[in-house]
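Residue numbers count from 1 along this sequence.
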Amino acid sequence: MIVKMRKITFIGMESQKEKFLERLQEIGVAHLILPKEAVEAQDLAKELARVTETRKFLATKAPAGMAAKQTAEEKTRHEMNTLPVTVQVSGQGAVAPGVTVSKTSIVSPRGFDGSSFSSKIPGTLNASEICSQRESLAQREARLQTEIVALRKEIGTQEPWGDFRVEDLESLQAKGLHVGFFRVAQKAFESLPLENVYHQVISIANGEVCFITLSFEAAPLNIPEERMSSKSLSGLQGELNARKEELKEIESAYAGLASNLDTLIRSESELTNLLSYRRAALNTATELEGRLFILKCWSPMPDKELIDKIGPSFTLHHYSEEPTDNDAVPVALANKRAFESGEDLVKVYSYPNYADFDPSGIVLYFFAVFFGMILGDAGYGATLLILTFILQRKFKSDSPGAVRFFRLMYLLGASTVIYGIISAGYFGVSISPENPLNKLMILDFNTKEGQNRIMLLSIIIGMIHISISLLIKFKNSRDFAALGWVPVIWGGYFLVSSQMGQGVDNPPAKYVLIAGLAVVFLFSSTKKNLILRAAEGLNGLLGIVQIFSDVLSYLRLFALGIATVYMAQTFNMLADDIAKGVPWFGYIIAALILIVGHLVNLLLGIMGGVIHGLRLNFLEWYRWCFVGDGVVYKPFKIIKSREQ
């Protein structure tokens with residue numbers, strides 16, 4: 001459900017503003033209403049960005065265990081910062097699921113020192129020192145990388161000439177001999193006038209000839225000489241190796257700094273809290289020549305409860321208001337455990353508007369149905385359940401996001417198993433009529449009649465899904481045209497079903513269809529002018545094309561489901577043919593085909609289930625009832641790292 005919000009305005013003494021903001025941040029339920037052009041504490045924002053960037057970078061250099069811990073910490077901190085906490089939504093003790101308000105004492109942000117922004121334990125680095133060292137290492141690393149690129153280019157130029165001492169070359173030149181280095185295409189080399197010039201070919205590679213000339217004067221070859229390095233090839237290679245060793249030292253230094261990730265995480269939380277506090281302080285309005293402050297906020301907690309929590313130590317006046325249609329009211333979702341995982345699905349597309357409804361539960365369970373029909377194999381569903389169990393045991397986390405994710409995976413696996421059982425899908429293996437599992441089969445992909453029933457089931461599920469959407473729209477906005485489409489959908493279905501399936505007319509269905517179209521025609525417009533109303537009514541009737549296409553879109557459930565079945569059966573047949581046709585070694589190849597084939601089919605099925613399962617919710621269903629583009633509820637509160 002969408003938690004009810006009230007707009008609360010606080011008026012207090014300017015001298016108490018800082019203490020009041022500290023207390024409000026400790027309580028952690030108020031979503032502050034700040035100006036559109038809010039003033040920012042630029043110095044703090046830059047410092048926070050610096051610490052965050054350093055923390056993310058060093059996390060990639062940390063050992064696997066530490067990196068995993070850091071990732072979990074970051075995820076938890078993000079959820080605390082962006083997701084609604086459990087809030088009290090009514091008077092005495094009524095608590096909405098998921099939100100508690102801590103009464104523990106928290107360090108005041110006013111006492112926070114922005115220059116050091118992290119308490120330092122003797123013998124350890126604080127966050128500022130860690131960032132500075134990382135930046136120094138990064139500069140050194142960039143310089144080394146540039147030098148390595150230049151050295152490799154120089155070595156590439158020098159390699160065709162081999163390794164020689166530059167001193168020997170200088171000695172020859174001192175005696176009056178000119179040594180020329182040339183590199184030309186092989187065809188050009190053959191046409192050079194070298195008959196009276198002493199020369200020596202050093203190498204021929206990639207269609208190029210590298211040669212030298214030795215003379216008392218520069219040879220008149222009319223081609224440019226190569227510019228040689230002032231260092232020998234072995235010397236250049238030595239410098240390159242030295243730079244690589246320095247890079248290894250820098251990597252070791254990064255790993256050493258990564259041991260301070262906890263310090264960065266803690267400092268990031270502190271800076272986030274301070275920045276939030278400073279933003280609130282800088283954007284709080286003042287009146288009476290700066291003697292009073294005025295702060296507006298949205299709160300899911302009743303104003304009397306909030307005032308009680310703030311305490312009696314402030315000279316404070318307040319008043320609360322109900323939201324108006326023009327207010328950008330933040331949205332906090334609070335669902336029971338059975339629907340919580342749907343919140344994450346809803347946020348993939350768009351946050352609900354405050355005047356909207358919370359579609360979490362409907363989206364969750366229809367998505368599970370769609371996913372199960374697309375993957376459609378009990379064996380694959382059981383595999384998904386086992387993998388979820390293993391991952392949950394391996395990556396133990398009590399963060400709300402992880403809990404909801406694994407709960408969703410179990411639901412999807414169970415849905416797939418159930419649909420797989422009623423459609424007799426077991427890794428594409430056909431079961432015998434005597435098998436007890438065959439008695440549970442309701443839908444059969446292997447017969448034409450069974451496929452027709454599955455197509456019909458897909459259509460009916462689509463009709464139910466869209467009908468729910470239209471009824472929700474009618475409930476929320478009293479849109480009678482939306483209500484009229486419901487009898488159009490079902491009347492049309494029963495009419496077509498009777499005429500095509502049984503070859504008989506269905507007068508009740510026809511009357512229901514006509515009545516629905518009449519309602520759509522009459523209520524598609526609110527104009528008082530009869531001509532305009534009739535024109536808009538006729539235009540509204542064109543919506544039947546969209547309704548028809550949306551319902552047919554649910555046939556993708558059948559199409560993707562049967563594709564999964566046929567792929568599984570194909571891999572089984574390939575493996576069986578190879579096992580029978582190739583003695584001994586064929587069993588190994590067949591096993592590989594089965595493992596790889598079913599793994600690919602499982603991955604494709606999961607991808608199809610997620611993409612198309614969400615698409616049917618977000619496009620075909622949302623189209624008729626969902627507004628979206630809501631403002632996310634972000635309470636002004638203290639963000640803690642786990643160490644705190």
For the backbone of Asn126 and the side chain of Glu129, can you confirm whether one donor and one acceptor N or O come within less than 3.5 Å of each other?
yes

Charged N to carboxylate O below 4.0 Å: is that the case for Lys56 and Glu53?
no

Quick one: pull up OG in Ser15 and CZ in Phe293 and give me the separation to the nearest 0.5 Å.
9.0 Å

Assess whether side chain to side chain contact (heavy atoms under 4.5 Å, CB included) is satisfied between Val363 and Tyr622, documenting all intermediate values.
CA-CA 10 Å; Val363 168; Tyr622 271 12; 3.9 Å; yes

What are the two closest heavy atoms between Val331 and Tyr351, and how far apart are they?
O-CE2, 3.2 Å

With side chains defined as the heavy atoms from C-beta onward, is the minimum distance between Glu249 and Arg140 less than 4.5 Å?
yes

Does Pro635 offer a backbone N or O that forms a donor-acceptor pair with the side chain of His31 under 3.5 Å?
no

I'd like a table of donor-acceptor pairs (distance under 3.5 Å, sequence neighbours excluded) in which one partner is a side-chain atom from residues 601-619, with atom names and distances.
from, atom 1, to, atom 2, distance (Å)
Asn601, ND2, Tyr380, OH, 2.9
Asn601, ND2, Thr564, O, 3.0
His612, ND1, Arg556, NH1, 3.0
Arg615, NE, Glu620, OE1, 3.2
Arg615, NE, Glu620, OE2, 3.2
Arg615, NH2, Glu620, OE2, 2.8
Asn617, OD1, His465, NE2, 3.3
Asn617, ND2, Gly613, O, 3.0

Working to the nearest 0.5 angstrom, can you tell me the gap between Cys297 SG and Asp303 CG?
10.0 Å

Do Ser399 and Arg404 have a side chain donor and acceptor closer than 3.5 Å?
no

Between Thr388 and Arg407, does the side-chain hydrogen bond (donor to acceptor under 3.5 Å, both in side chains) criterion hold? Intermediate values first, please.
CA-CA 9 Å; Thr388 303; Arg407 196 180 294 153; over 6 Å; no

Ser350 side-chain N/O to Val346 backbone N/O, donor-acceptor pair under 3.5 Å
no

Given Phe314, Tyr319, Phe20, the one that forms ring pair (Phe, Tyr, Trp, His ring centres under 6.0 Å) with Phe10:
Phe20

Within the 4.5 Å heavy-atom criterion, are Ser469 and Arg623 side-chain neighbours or not?
no

Looking at Val29 and Ser299, what are the two nearest heavy atoms and their distance?
CG2-OG, 4.1 Å

For Phe366 and Phe370, take the angle between the two ring planes, folded into 0 to 90°, and tell me which bin it lands in: parallel under 30, tilted 30 to 60, perpendicular over 60.
tilted

Step by step, work out the side chain to side chain contact (heavy atoms under 4.5 Å, CB included) result for Leu316 and Ile307.
CA-CA 9 Å; Leu316 198 65; Ile307 289 295; 4.2 Å; yes

Just by distance, no angles: are the side chains of Ser229 and Glu154 close enough, under 3.5 Å, to form a donor-acceptor pair?
yes

dist Glu287:CD -> Ile294:CD1 (nearest 0.5 Å) comes out at 4.5 Å

Note, Leu21 side chain near Gln25 side chain (heavy atom, < 4.5 Å)
no

Should the pair Arg243-Glu147 be classified as a salt bridge under the 4.0 Å nitrogen-to-oxygen rule?
yes

Over all atoms of both residues, closest heavy-atom pair of Leu275 and Ala45:
CD1-N, 4.0 Å

So does Met1 get a backbone contact from the side chain of Asn335, meaning a donor-acceptor N/O pair under 3.5 Å?
yes

Lys/Arg N to Asp/Glu carboxylate O, Glu239 vs Lys231, below 4.0 Å:
yes

Heavy atoms of Leu125 and Leu257 approach each other most closely as CD1-CD2, 3.8 Å

Quick check: do Tyr254 and Leu137 have side-chain heavy atoms less than 4.5 Å from each other?
yes

Between Ser320 and Ile8, is there a donor-acceptor pair closer than 3.5 Å when you use the side chain of the first and the backbone of the second?
no

Is the closest side-chain donor-acceptor distance between Ser276 and Asn273 under 3.5 Å?
no

NZ of Lys244 to CG of Leu240, rounded to nearest 0.5 Å, is 4.5 Å

Inspect the contact between Arg50 and Glu47 and indicate whether a charged nitrogen and a carboxylate oxygen are less than 4.0 angstrom apart.
yes

Go through the steps for Glu268 and Arg55 under the test salt bridge (charged side-chain N to carboxylate O under 4.0 Å, His left out), then give the verdict.
CA-CA 9 Å; Glu268 192 176 7; Arg55 189 258 308 160; 2.8 Å; yes

In a check of side chain to side chain contact (heavy atoms under 4.5 Å, CB included) between Asn283 and each of Leu295, Ile33, Leu34, which one passes?
Leu34

With the side chain counted from C-beta on, respond yes when Tyr277 and Glu22 share a heavy-atom pair under 4.5 Å apart, and no when they do not.
yes

Judged by atom type as modelled, is there a donor-acceptor pair below 3.5 Å linking the side chain of Ser259 to the main-chain atoms of Ala255?
no

Test item: Ser341 and Leu411 side chains (from C-beta on) under 4.5 Å apart, heavy atoms
no

Side chains of Trp621 and Ile468: does their closest heavy-atom pair fall under 4.5 Å?
yes

CG on Leu271 to NZ on Lys46, rounded to 0.5 Å
14.5 Å

Between CD1 of Ile148 and CG of Asn241, what distance do you get to the nearest 0.5 Å?
9.5 Å

Got a donor-acceptor contact below 3.5 angstrom from the Asp356 side chain to the Pro352 backbone?
no

Would Val329 and Thr324 count as a side chain to side chain contact (heavy atoms under 4.5 Å, CB included) if you check the C-alpha gap in whole Å, the side-chain angles of each, and the deciding distance to 0.1 Å?
CA-CA 9 Å; Val329 187; Thr324 65; over 6 Å; no

With salt bridge (charged side-chain N to carboxylate O under 4.0 Å, His left out) as the criterion, how do Lys17 and Glu14 come out once you've worked through the C-alpha distance, each side chain's angles and the decisive distance to 0.1 Å?
CA-CA 5 Å; Lys17 181 178 74 173; Glu14 176 68 19; 3.3 Å; yes

Can you find a heavy atom in the side chain of Glu321 that is under 4.5 Å from one in the side chain of Thr9?
yes

Over 12 foreign heavy atoms within 6.0 Å of CD, Glu40:
yes

How far apart are the closest heavy atoms of Leu412 and Ala368, and which atoms are they?
CD2-CA, 3.7 Å

Determine whether the aromatic ring centres of Tyr410 and Phe389 lie less than 6.0 Å apart.
no

Is NZ or CZ of Arg134 both nearer than 6.0 Å to the six-membered ring centre of Phe57 and within 45° of the ring axis?
yes

Closest non-hydrogen atoms of Asn353 and Gly628, given as atom of the first, atom of the second and distance, are CB-O, 3.5 Å

If we ignore hydrogens and angles and just use 3.5 Å, is the side chain of Glu322 paired with the main-chain N or O of Arg6 as donor and acceptor?
no

Any ion pair linking Lys248 and Glu251 (charged N to carboxylate O, less than 4.0 Å)?
no

Side-chain donor/acceptor of Arg152 to backbone N/O of Val149, under 3.5 Å
no

Side-chain donor-acceptor pair under 3.5 Å between Asp358 and Ser360, yes or no?
yes

Check: Thr263 main-chain N/O paired with Ser267 side-chain donor or acceptor under 3.5 Å
yes

